[in-house]
Each structure stands twice: as structure tokens, then as C-alpha cells.
Amino acid sequence: MRIGMFTDSYFPQVSGVSTSIRTLKEELEAEGHEVIIFTTTDPKADESEKNIIRLTSIPFLSFKDRRVAVKGMNKALKEAKRQRIDIVHTHTEFSLGLTGKFVGYMLEIPTVHTYHTMYEKYLHYIAKGKVVKPRAVKIASRYFCNSTMGIIAPSEQMKEKLASYNIYKEIRVIPTGVKIPAQIVGIKSRKREELGISDSELVLLSLSRLSSEKNLDKLVHAFPEVVEACPSAKLVFVGDGPMRHELEMLVSEMNLTPNVIFVGEVRNEDVSEYYQMADIYINASESETQGLTYLESIVNGCPVIAKRNDYLSGLITEDSLGMLFDEDDKIGKTIIAYADFYHSSDVATNQEVWDELMQKISSKAFAEAVLSYYQTSIDIYESQPREEVKLRVNLLEKIKR
């Protein structure tokens, strides 16, 4: 099968969406399928990367490290024809998403869509939330999704949100998978030595973009309680973003500088080193829809402490995998409780639980589920009356003009 993926966000832009798409691309290619990615230009992009079609773009408003295409529909259509793609898979509701829809209609092939982002949590990036309101998100999402063959939701939580938008097309939950890495011999000691941390110290890892929707300040505010119980505990922030300076100032004001380390952004291929170095991965975000960092942590053998939601409740089902908190004022107590459990029991005794979950959330299982959805969508599309398809093509031609 030849798949055209359309996304505004792709490497070198580091994000959960970029990681999800690359993971899917590599797994599909490993099975013999061809994947062509249509995405935005980027000054840091590797122009030699195979099957990556980049369309002229500009930075997105106040979200400067993300980009939107400003032209290139005809280029995308020409390339999609040349590549003879069988199905369009859109990963954004914006510029490249609309381009993907246009290509699908013009080539008379089906379009499926993955809805990655809970936009209500990100509206503050657009004129500080004063222009685009949640109702506008609902209307735009409903229009976009109802004009596809179907939607992939990374979690039940996202499916429920989309259902509340009155989307009537099928919404299939396919959790994003992650590659199961090899355990790196000696990495815990080596990486800790590099960071100035001893093997005996409790290390809490936060790995994400440093932005307000991640609620990273709540981790800092909870940390004094942890330090009081465990004076040598370390909180390691891996990642970069607009909130870094604010977090560094907060750490300084709370006299936590000796216990908090800011690593900065690391290469995607190096994140396993940090998960395998840490004792516990912590996350207070309420905006996660795919939970990639939770999954990455688990496949690297690092237990998770995070704010409870339906997705995580179905993931963290054993204490050996981690603990969940309901209220932000419970973050510190939950960390202390789990640290006591972690050091007083053999977490590895439940290896069967870890192994079973790893297979369930593997990138291979993810790709197989998506591929099955592609085939179902193609079969349904080809069974439709061609007159109906032509009407949609004609409509898109008028819009383009």
C-alpha cells in the first residue's frame, strides 16, 4: 500500500505528533508499505530525507516553533499523483490537513484522519485565548472530521471529546505505539555521573516540552515536600520551551536549585537514556491525548506517577507500573508513597505485567491496527457510488478556484 501522510508538525520539530508519525511510518515501511510524508518547510530540516515532501511555510503566530504551510496544494497534488498513493492520512486540521483533503478528493481516494490534539488546552497561544474560543474549535473539528472516511483517536478520552462535537463518522480508538528499546548496559550510572547525581539518590524525571499546559510549575511546587522526606532527591527536567525561564526562576525562588536540573532538549534517539537513568517518571499534565511519554517510560522500565484520567487508569493497572493522583495537592505525597514502595519491594517481580503491557503498546501493534483501518476505509470507499465521489471532487475544484 502507498500512504500519503499530511502533517504540519514533523521533525526537526520535536513533538508527540512528530514522534507518532515517524513511528508509524517506520513500522509500515518495515512491513513493505510505502509512506510519503507531506509537511512544512523548516530551516533545520534534512532535505535529503527520502519521501518527505515539504511545502512552503511560515511560523505559526505566537507558537514560533511550529509552522503552517502557506502554499503548495498543486505541488502536493502533482507529487501524490506521481507517487500513486492509495490513501490519504491527515494528522492536522489546518494547512496540510486541508491540502490532504484536496489531494484525496482530486485523486478519488479515501482520507482518514488522526485527531491528535485537545485544542482547548492550547488556545492561550493564539492572542492569549481572546480570539479563538472552544465553540469555534468544536465547529471546525466537526466540519473537518465529518468530511473524512473516519477518525483515529489516540485514547477513549479523545473519542469522548470528539463525540461531544457531534461527529457522526466512525471514531476508532487506536493508541499510539512506541518502539521497545534495548536496555542500555550501565546507562544508569553513566548518565547520573554526567548529571552529577549519585546512584543512591532518588531521581524524578519530567520529559516534555516546557510549556504552560504541561503544568510543570505544579511539579516544582510539590517538590519541597519530597525534598523534606528525601533531602537528596533530584528533579530532572528534560526538554525545552517557552516556560523554561519562568521555571528556572521559580526553582531559584523556592531554594530548590541544588535539587533541580534542567537538561534542555535532547535528540529523540537519546530519550531512552534518561528514562533508564531515572527512578520515576512524573507528569501533572491534563492536556495529554496520546500519552507518548507515559508509554516511552514504561517500555524503558521506568514507573509512572501522573494525574489520573481514563486513559491512564487503563494503563497503570498495577503498583509496579506506577501510581496516579487525583488532586494536584497530592503530587508530593504520591511521590513519597511510591518511592517508599519502590525501595521496599522488588518492582521487577511483576515482569509478566510489564511484558504484557509492552506488547500491547508496541509500535508494531499500533501499525497493524492502523493498517487494518486503512484497508477497511479503502473497501468502504470503493463500494460507494462514484457519482457521490465526483460531486465532492467538483466541489473541491470550485473551492480551489
Side-chain angles (χ1 to χ4, degrees), residues 14-15 64-65 124-125 184 186-268 270-288 293-294 296-297 300 302-307 322-323 325 327-343:
V14 178
S15 69
K64 297 297 184 183
D65 56 350
H124 59 278
Y125 283 113
I184 308 169
I187 191 59
K188 182 174 182 177
S189 294
R190 291 202 306 275
K191 184 58 68 174
R192 287 186 177 215
E193 183 179 2
E194 179 184 311
L195 296 172
I197 303 171
S198 73
D199 286 350
S200 62
E201 290 174 331
L202 174 68
V203 178
L204 310 176
L205 173 67
S206 169
L207 195 152
S208 73
R209 185 171 185 271
L210 304 187
S211 52
S212 59
E213 69 276 358
K214 302 298 183 182
N215 292 342
L216 301 172
D217 56 323
K218 294 179 180 177
L219 299 181
V220 176
H221 282 295
F223 197 49
E225 187 175 0
V226 179
V227 173
E228 185 177 350
C230 185
S232 64
K234 297 293 189 291
L235 172 57
V236 178
F237 285 105
V238 174
D240 210 343
M243 202 178 176
R244 177 166 179 169
H245 179 68
E246 183 180 334
L247 286 171
E248 289 175 331
M249 292 294 292
L250 179 61
V251 167
S252 176
E253 290 167 6
M254 297 181 69
N255 298 316
L256 291 170
T257 301
N259 296 82
V260 180
I261 299 170
F262 289 88
V263 173
E265 189 171 305
V266 301
R267 297 186 307 167
N268 192 59
D270 294 335
V271 296
S272 286
E273 297 181 2
Y274 291 90
Y275 288 118
Q276 293 181 28
M277 169 276 299
D279 293 311
I280 303 169
Y281 172 73
I282 58 173
N283 192 317
S285 174
E286 298 178 47
S287 66
E288 305 292 336
T293 53
Y294 307 131
E296 289 174 346
S297 184
N300 279 285
C302 183
V304 172
I305 289 178
K307 191 159 190 177
M323 287 184 179
F325 57 87
E327 305 297 334
D328 293 334
D329 60 4
K330 304 295 184 185
I331 297 174
K333 290 181 176 60
T334 305
I335 292 171
I336 294 167
Y338 194 78
D340 289 341
F341 166 78
Y342 185 88
H343 288 299

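All figures in this text were calculated on a predicted structure; none of them were measured in a lab.
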Is there a salt bridge (charged side-chain N to carboxylate O under 4.0 Å, His left out) between Lys191 and Asp270 once you walk through the steps?
-> CA-CA 11 Å; Lys191 184 58 68 174; Asp270 294 335; over 6 Å; no

Working for side chain to side chain contact (heavy atoms under 4.5 Å, CB included), residues Ile335 and Phe325 = CA-CA 9 Å; Ile335 292 171; Phe325 57 87; over 6 Å; no

Non-hydrogen atoms of Ser208 and Lys214 that approach each other most closely | OG-CG, 3.9 Å

What's the verdict on side chain to side chain contact (heavy atoms under 4.5 Å, CB included) for Val220 and Leu247, showing C-alpha distance, side-chain angles and the deciding distance?
-> CA-CA 8 Å; Val220 176; Leu247 286 171; 4.2 Å; yes

Met254 side chain near His221 side chain, heavy-atom distance below 4.5 Å | yes

Quick one: sort the Tyr294 and Tyr281 rings into parallel, tilted or perpendicular, breaks at 30° and 60°.
-> perpendicular

Is there a donor-acceptor contact under 3.5 Å from the side chain of Gln276 to the main chain of Ile184?
-> yes

Roughly how far apart are Asn283 CG and Lys218 NZ, rounded to 0.5 Å?
-> 11.5 Å

Here the pair of heavy atoms bringing Asp199 nearest to Ser189 is OD2-OG, 2.9 Å

Flag yes if more than 12 heavy atoms outside Glu194 fall under 6.0 Å of its CD atom; otherwise flag no.
-> yes

To the nearest 0.5 Å, how far apart are CE in Met323 and NZ in Lys330?
-> 14.0 Å

Would you call Asp328 and Lys307 a side-chain contact if the rule is heavy atoms closer than 4.5 Å?
-> yes

Spacing of Glu213 atom CD and Glu286 atom CD [to the nearest 0.5 Å] | 11.5 Å

Is Lys188 salt-bridged to Asp279, cutoff N-O under 4.0 Å?
-> yes

Contact summary for Ile261 and Leu195, nearest pair of heavy atoms | CD1-O, 3.6 Å

Intermediate values then yes/no, side chain to side chain contact (heavy atoms under 4.5 Å, CB included), Ile305 and Ile331 | CA-CA 8 Å; Ile305 289 178; Ile331 297 174; 5.7 Å; no

Taking every non-hydrogen atom, the tightest pair across Ser252 and Thr257 = CA-OG1, 3.7 Å

What is the minimum heavy-atom distance between Asn259 and Ser232, and which atoms define it?
-> ND2-C, 4.2 Å

The reported gap from OH in Tyr338 to CG in Leu204 (rounded to nearest 0.5 angstrom) is 12.0 Å

Only residue of Asn300, Val203, Val263, Ile187 satisfying side-chain contact (heavy atoms from CB on, under 4.5 Å) with Tyr274 is Val263

Determine, stepwise, if the pair Ile282 / Leu235 fulfils side chain to side chain contact (heavy atoms under 4.5 Å, CB included).
-> CA-CA 9 Å; Ile282 58 173; Leu235 172 57; 3.6 Å; yes

Beyond-backbone contact of Glu296 with Ser272, side-chain heavy atoms, under 4.5 angstrom = no

Contacts of type salt bridge (Lys or Arg N to Asp or Glu O under 4.0 Å), residue Lys333, not counting sequence neighbours | Glu225

Is there any side chain to side chain donor-acceptor pair (under 3.5 Å) pair reaching into residues 236-247, and which pairs are they, with sequence neighbours excluded?
-> Arg244-Glu248

Just wondering, do Leu205 and Val238 contact through their side chains at under 4.5 Å, heavy atoms?
-> yes

Close side-chain approach of Val236 to Ile197, heavy-atom, < 4.5 Å = yes

Of all the heavy-atom pairs spanning Asn215 and Ala284, show the shortest one and how long it is.
-> ND2-O, 3.1 Å

Is any side-chain heavy atom of Pro224 less than 4.5 Å from a side-chain heavy atom of Leu256?
-> yes

